[in-house]
Amino acid sequence: MPGAGLQRTRSRDAALEEAFDAAFRALDPGHARRSAATWSWRTEQVPSGAPFVTLRSQEGAVLAHYGALAQGMLVDGQRLLAGQAVDTFAAAELPRRRRAVAFQEACEAFIEDHCGVGPCGGVPASPVSPATEAEGERFAFCYGFPVRPAWRLGRAGLGYGLVQEFLQLTRPVGTQGTARWDLDLAVNAAWPSDLDELFRREAPPVAFERTVEWLRWRFDADPSASSTRVLLTRGGELAAWAVLRERKEGAASVGVVVDRFVPERDDDAADALESALDECARAQGWAALALALGEADPDLVRLQQRGWRAELGAYALVGRSFDPRAPQDRLSRELRWTLADTDLA
Amino acid sequence: MTAAQERDARAAWLARAPGARRGSGGLWRVPLPAPFRGAARALQALAPECPGHDSDGGAGAPSLEQLEDARVAARADGALGLVASCGHVETEALARDAGFERVGRILEVRGRLAPGAPGIEVPLDDAVSTLVAEVNAVHALATHWDPALLHWRFGDAPELHGACGVRDGDRLQALAVYSVGGEALEVQAWWALADAEGLAEQRLGAALAEVAARAGGLELRLEAPLWSPAARSLLAQGLTLRPTARSLWVASFEPRLDLELLRGRWLWQRAEDLGPIDSHPSLEQDS
């Protein structure tokens, strides 16, 4: 329960947006004010919901805020709800000690309302936001890829532990052959209707879920960045896919593979996807390709065999399991993720 | 050697470790002196004497009570922290419940390098301890391998080891202790003086590659923090990064020895992992 004289709220308003911008500007002087379109995309438009708890004074001043983007996660075929913690902060103008206490209270309120097993508790949903999955179901797993100060707070406030490393892989463009065997390439075609079924059929035992609905939200509807869809079909059926985004590195550009999916045993599709990524990158004039994954991903070894070089990134996947169906140490050993499951894409 | 003889030999070897103590369930605690901020304190490595095997022939594991006992005893010893590696997900849950924190999956850098100039055989003596102290000086936390620890861990060890060094004039510039198992030359410890171009690392890698080539074209295998100069050097030379089955866990008794420091500034070595606590070390030789 919030401390005496405090209240929990779950509605986004101008005061919350102002407090968010002030808190992130204090951390990063280059922080640009978030647009209304981006706010809407990251809250109301998230397919499974984006619940949050804002701790306010009785007068309505924002003290701290904790929220997460809800997302499906498959564990041995069972669908659970995961939450990627995003946009969490304590008000910049609070004294340091008060800031830490307020953030801790917001964390605890969020866990109480949204994490664990069973239906959600907490305050009712805002009457202006549509009901979402996350308003009825609790998070089995909460995670993030925080900067170090945020991780310290997450460990103290939420009991977050290390789940996986963040490994960066890069390769120069033009190193792959051009053969695509019996697969056809389509760039920026609409997401095919058989994508959900392909993922359900071929998904690794522990992975974040991919559906057309989620991909449309994650990439097509994102007002802050554009993406290139790379789709490979075999006999008219989807065989593998990836999403590329451009990242400027000085005068050069790098193609970042922000999402990709290849069935585990389909080596032809994996080879063809590498060729297709090369083709797309060359067409854009990109010098190199980059992606990120965790050490639990079997593609770590396969991609290095295809010419990618690996190095340790500056982040780490940290989190906490709240549900015995998704044991934390199993997630450490098996969970598959891509940059699309992070706030870093 | 029978399983009983193997267990007895390992127990006798652990008992000879400087300052080693035996806890419940045959879990030994072996001090690894790690002068932390000037204080001569030690991390302790949790070492299984001979973990049991379950009825299916799988790996055994200590109980929650045995892990908790070990943590409490290490703290009472005045240790900086207690280190263990786990090979199975079930043991990891026990370690978490017993107050250990996961530092990370142990990753290996593996592959073949072009052989270079041969290194030199180096006796594990005071000169090595001097090199180690010089290398360790730039790291927040690293075991000080004094001659007694070096002699016990390598000279007295059941496995065969070699030590390959490179010199710059009269000065020992870098040294690796290795063992040979399966198809790999496994680096047990790696110390190289820092230089701007990483030449000491490269020379040592090439010398080890030469040993590996002479031993039948073996791969090199290094387990080390990915930020370490050794791992970075070998990755830059084209070796491959792979996960192992083991994770590193630490129960810290020093507030400043937090997870961030352990992950980012603890130069641990393969030789400090005295076997995962949930499988017999001999099963790990070819992993």
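Letters A, B, ... mirror the listed sequences (proteins, then strands); counts begin at 1. The basis for the numbers below is simple: all heavy atoms, side chains too, and nothing from hydrogens, waters or symmetry mates.
Residue contact with chain A, scored on non-hydrogen atoms closer than 4.5 Å, is absent for R232(B). With a 4.5 Å cut-off on non-hydrogen atoms, E101(B) touches chain A through its side chain but not through its backbone. Residue contact with chain A, scored on non-hydrogen atoms closer than 4.5 Å, involves the side chain of L107(B) exclusively. For E165(A), the part lying near chain B is the side chain, with the backbone staying farther off; criterion is any non-hydrogen pair under 4.5 Å. At a 4.5 Å heavy-atom cutoff, the contact between V103(B) and chain A is made by backbone atoms alone. Neither the backbone nor the side chain of I106(B) comes within contact range of chain A, judged by heavy atoms closer than 4.5 Å.
The line from CG of L169(A) to CG of L241(B) is 8.0 Å long, rounded to the nearest 0.5 Å. Here the OG-CZ distance, from S321(A) to R96(B), works out to 9.0 Å after rounding to the nearest 0.5 Å. For the atom pair D329(A) CG and C86(B) SG, the distance stands at 8.5 Å (nearest 0.5 Å). Rounding to the nearest 0.5 Å places CD of E260(B) at 8.0 Å from CZ of R155(A).
R333(A) and H88(B) make their closest contact through NH2-N, 3.8 Å (heavy atoms, listed as atom of the first residue, atom of the second, distance). In this structure, V163(A) and R102(B) approach most closely via the heavy-atom pair O-NH1, 3.0 Å. Among all heavy-atom pairs drawn from L162(A) and G104(B), the shortest one is CD2-CA, 3.4 Å. Of all non-hydrogen atoms in Q304(A) and L239(B), the two that sit nearest each other are OE1-O, 4.3 Å.
Open room surrounds CZ on R265(B); 12 or fewer heavy atoms of other groups in view lie less than 6.0 Å from it. Around CZ of R302(A), the count of heavy atoms belonging to other residues, nucleotides or ligands within 6.0 Å exceeds 12.
Inter-residue side-chain proximity for Q164(A) and R105(B) is flagged as unmet; no heavy-atom pair is nearer than 4.5 Å. Considering only heavy atoms from C-beta on, V89(B) stays 4.5 Å or farther from P327(A) through its side chain.
For the options G161(A), A296(A), S332(A), heavy-atom pairs under 4.5 Å to chain B are most numerous at S332(A).
Along residues 306-319 of chain A, the residues that come nearer than 4.5 angstrom to chain B, judged on non-hydrogen atoms, are R309(A), A310(A), L312(A), A316(A) in order of number. For residues 253-267 of chain A, a heavy-atom distance under 4.5 Å to chain B picks out no residue at all.
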